[in-house]
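Read the structure below first, then the notes.
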Amino acid sequence: MIPDIGFGQKTRVALDIGSGVADFGALLMQHNVTTLSIAPKDEYANQIQFALECGVPAMVATFATRRLLYPSQAFDFIHCSERGVNWAQNDGIMLLEANRMLRAGGYFIWAAEAVYKRIENLATCICWELVKKEGYLAEWRKPLNNSCYLNRAGEVQPPLCDSDDDPGKVWYVNLRTCITRLPENGYGANVTTWPSRLHYPPDRLQSIEMDAYISRKEIFKAESKYWNEIITGYVGAFQLDMEAALHDLGINGWVMNVVPVSGPNTLPVIFDRGLIGVRHGWCEPFDTYPRTYDLLHANGLFCVEKKRQRCDFSTIMLEMDRILRPDGRVYIRDTISVIGEVNEIASALGWVPALCETGEGPHSSWRILICDKRM
């Protein structure tokens with residue numbers, strides 16, 4: 001229906017909202033598309049739990065009063081079945097949230113028994129182009145820039161969001177009945193095709209607030225090389241099955257990149273690279289079911305949280321234990337100053353820990369704690 005959609009090349013990252021047991025996302029995996037399936041907890045026969053058991057990326061997430069924990073222009077493609085969300089309620093506030101997360105030029109697909117006129121009107125008001133409507137399917141495309149928004153008649157609702165609204169801020173930010181502005185510099189829209197976008201420094205790298213005195217592109221390349229070496233070492237030494245570096249090593253799997261709220265918001269760059277992730281504060285529960293992940297990897301998390309003093313290590317590690325599957329493994333890479341305390345808690349949890357040196361050798365101030373969660 002949309003030949004230009006280019007699954008696996010132009011369209012790499014998708015969001016599936018409330019559709020059964022994530023069959024849609026599972027099928028798109030065959031087209032080299034990473035689809036994040038979301039649904040409220042305990043609806044539709046625990047869709048998210050089923051999806052995770054099948055190895056499909058999924059999270060518990062609800063369109064309610066706050067922004068979802070994904071950045072602006074995160075998804076190349078958003079799909080929703082009729083039962084997922086009532087897009088027309090509250091002046092279309094939830095459709096506006098979908099618009100915030102949809103990449104400029106991206107597609108929104110709605111599968112419903114009847115394409116309701118009110119939804120069509122809402123889509124027109126936010127400048128989505130109706131690409132095709134056939135049977136119970138309707139496909140819209142988001143504009144590439146703000147020109148359509150600015151050329152609307154003065155009284156057309158909803159309005160544009162204020163220029164000082166940051167669409168990338170998601171942690172405890174309320175939904176808004178306004179249209180998220182697209183960056184005038186085109187950031188977010190100008191991503192390359194997959195798989196080259198995995199290694200090409202995206203434009204939004206320049207917008208991250210961080211202490212950097214040299215080119216961010218150089219930092220990006222250096223970090224990529226650094227982590228490729230680390231993952232190669234993990235795989236060789238510990239038989240680790242972990243994604244950016246894993247892709248290059250030909251290892252099949254997906255990684256949920258969790259960007260802590262205590263650090264720079266690199267989440268837009270993760271999605272621009274064709275990967276998935278979420279913003280999270282580890283002093284709170286993670287939005288998933290128990291026994292979700294085969295492997296957890298924490299790099300410098302505990303030394304940062306110790307400085308924040310928001311919660312103790314045991315709180316974080318109990319949540320890690322909850323979401324880790326039996327026979328799963330945890331890699332904790334952190335400073336010597338905290339790794340001893342982490343080691344004690346790991347043993348108390350019943351994990352089997354082993355302390356190792358990093359690739360920098362015995363004089364490094366960092367260590368790796370490898371923990372197995374036994375059956």
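For the numbers below, each heavy atom of this structure counts, side chains included, while hydrogens, waters and symmetry mates do not.
- Here the side chain of E209 pairs no donor or acceptor atom with the backbone of P264 at under 3.5 angstrom.
- Panel note: side chain R141, backbone G105; a donor-acceptor pair is recorded below 3.5 Å.
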Practice task
Just do the side chain to side chain contact (heavy atoms under 4.5 Å, CB included) check on N174 and R67 with the steps written out, would you?
Solution key: CA-CA 6 Å; N174 290 335; R67 285 176 173 173; over 6 Å; no

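- Considering only heavy atoms from C-beta on, R333 comes within 4.5 Å of I230 through its side chain.
- Each of L68, V170, V258 was evaluated against R279; a single residue qualifies, V170, per the side chain to side chain contact (heavy atoms under 4.5 Å, CB included) test.
- In summary, the aromatic rings of W140 and Y107 are positioned with their centroids too far apart to meet the 6.0 Å limit.
- Between the side chain of E139 and the backbone N or O of V131 there is no donor-acceptor pair closer than 3.5 Å.
- Considering every non-hydrogen atom in both Q73 and G188, the closest pair reads OE1-C, 3.5 Å.
- At distances below 3.5 Å, not a single donor-acceptor pair connects side-chain atoms of S364 with backbone N or O atoms of G361.
- Within the model, atoms CG of D272 and OH of Y187 stand 11.5 Å from one another, a figure rounded to the nearest 0.5 Å.
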Problem - I276 vs I270, side chain to side chain contact (heavy atoms under 4.5 Å, CB included): CA-CA, chis, key distance, verdict - result: CA-CA 6 Å; I276 59 172; I270 290 170; 5.9 Å; no

Problem - Working for salt bridge (Lys or Arg N to Asp or Glu O under 4.0 Å), residues E120 and K133 - result: CA-CA 11 Å; E120 291 190 76; K133 183 168 68 171; 3.3 Å; yes

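- Atom CG of N185 is separated from atom CG of N145 by 12.0 Å, given to the nearest 0.5 angstrom.
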Problem - Worked verdict on I109 versus I2 for side chain to side chain contact (heavy atoms under 4.5 Å, CB included) - result: CA-CA 11 Å; I109 313 298; I2 312 174; 4.1 Å; yes

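- Interatomic distance, S314 OG to E341 CD, rounded to the nearest 0.5 Å: 8.0 Å.
- There is no side-chain donor-acceptor pair under 3.5 Å between N299 and W227.
- The environment of CZ in R310 is sparse: at most 12 heavy-atom neighbours from other residues, nucleotides or ligands sit within 6.0 Å.
- Checked for salt-bridge contact, D321 and K373 meet the test: a charged N lies under 4.0 Å from a carboxylate O.
- Counting non-hydrogen atoms of neighbouring residues, nucleotides and ligands closer than 6.0 angstrom, the CD atom of E223 reaches no more than 12 such neighbours.
- Looking at R329 and D294, no side-chain N of the basic residue comes within less than 4.0 Å of a carboxylate O on the acidic one, giving no salt bridge.
- In this model, a donor atom of one side chain and an acceptor atom of the other lie less than 3.5 Å apart for R12 and T34.
- With D312 contributing its side chain and T315 its backbone, the two residues share a donor-acceptor pair below 3.5 Å.
- Taken from OG in S224 to CD in E229, the straight-line distance is 11.0 Å, to the nearest 0.5 Å.
- Counting heavy atoms of neighbouring residues, nucleotides and ligands inside a 6.0 Å radius, atom CZ of R152 exceeds 12 of them.
- Residues V278 and M59 are in side-chain contact: their nearest non-hydrogen atoms beyond the backbone lie under 4.5 Å apart.
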Practice task
Please lay out, stage by stage, how R367 and D334 fare under the test salt bridge (Lys or Arg N to Asp or Glu O under 4.0 Å).
Solution key: CA-CA 6 Å; R367 293 290 184 270; D334 223 306; over 6 Å; no

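- At a threshold of 4.5 Å between non-hydrogen side-chain atoms, the residues L15 and L102 do not count as touching.
- Without hydrogens or angle criteria, E134 side chain to M1 main chain gives no donor-acceptor distance under 3.5 Å.
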Practice task
Take W110 and V85 through the side chain to side chain contact (heavy atoms under 4.5 Å, CB included) test and state the conclusion after the steps.
Solution key: CA-CA 10 Å; W110 194 40; V85 178; over 6 Å; no

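- Using a 4.0 Å cut-off between a side-chain N of Lys or Arg and a carboxylate O of Asp or Glu, E129 and K142 do not qualify as a salt bridge.
- Within the 4.5 Å cutoff, side-chain heavy atoms of L349 are placed close to those of M317.
- The backbone N or O of G92 sits nowhere less than 3.5 Å from a side-chain atom of N90 that would complete a donor-acceptor pair.
- A donor-acceptor distance shorter than 3.5 angstrom exists from the side chain of R100 to the backbone of P167, with no hydrogens or angles considered.
- Annotation: side chain of W194 is in contact with side chain of N32 (closest heavy-atom distance under 4.5 Å).
- Put simply, the side chain of R325 gets close to the backbone of T292: a donor and an acceptor are under 3.5 Å apart.
- Between F75 and Y70, the two ring planes are perpendicular [angle over 60°; tilted spans 30° to 60°].
- Atoms CH2 and SG, on W366 and C303 in that order, are 4.5 Å from each other to the nearest 0.5 Å.
- In this structure, F108 has its ring center no closer than 6.0 Å to that of F77.
- Considering only heavy atoms from C-beta on, Q206 stays 4.5 Å or farther from S215 through its side chain.
- Rounding to the nearest 0.5 angstrom, the gap separating the CD1 atom in I179 from the CD atom in Q157 is 9.0 Å.
- At a threshold of 4.0 Å, the pair R197-D76 counts as salt-bridged, since one of the basic side-chain nitrogens sits closer than that to a carboxylate oxygen.
- Side-chain N/O atoms of T124 and N121 include no donor and acceptor closer than 3.5 Å.
- Taking all atoms of both residues into account, the shortest heavy-atom contact from A64 to L175 is O-CD1, 3.2 Å.
- Panel note: side chain R118, backbone A88; a donor-acceptor pair is recorded below 3.5 Å.
- Environment of OH in Y200: sparse, with no more than 12 heavy atoms of neighbouring residues, nucleotides or ligands closer than 6.0 Å.
- For F313 and W282, the gap between ring centers reaches or exceeds 6.0 Å.
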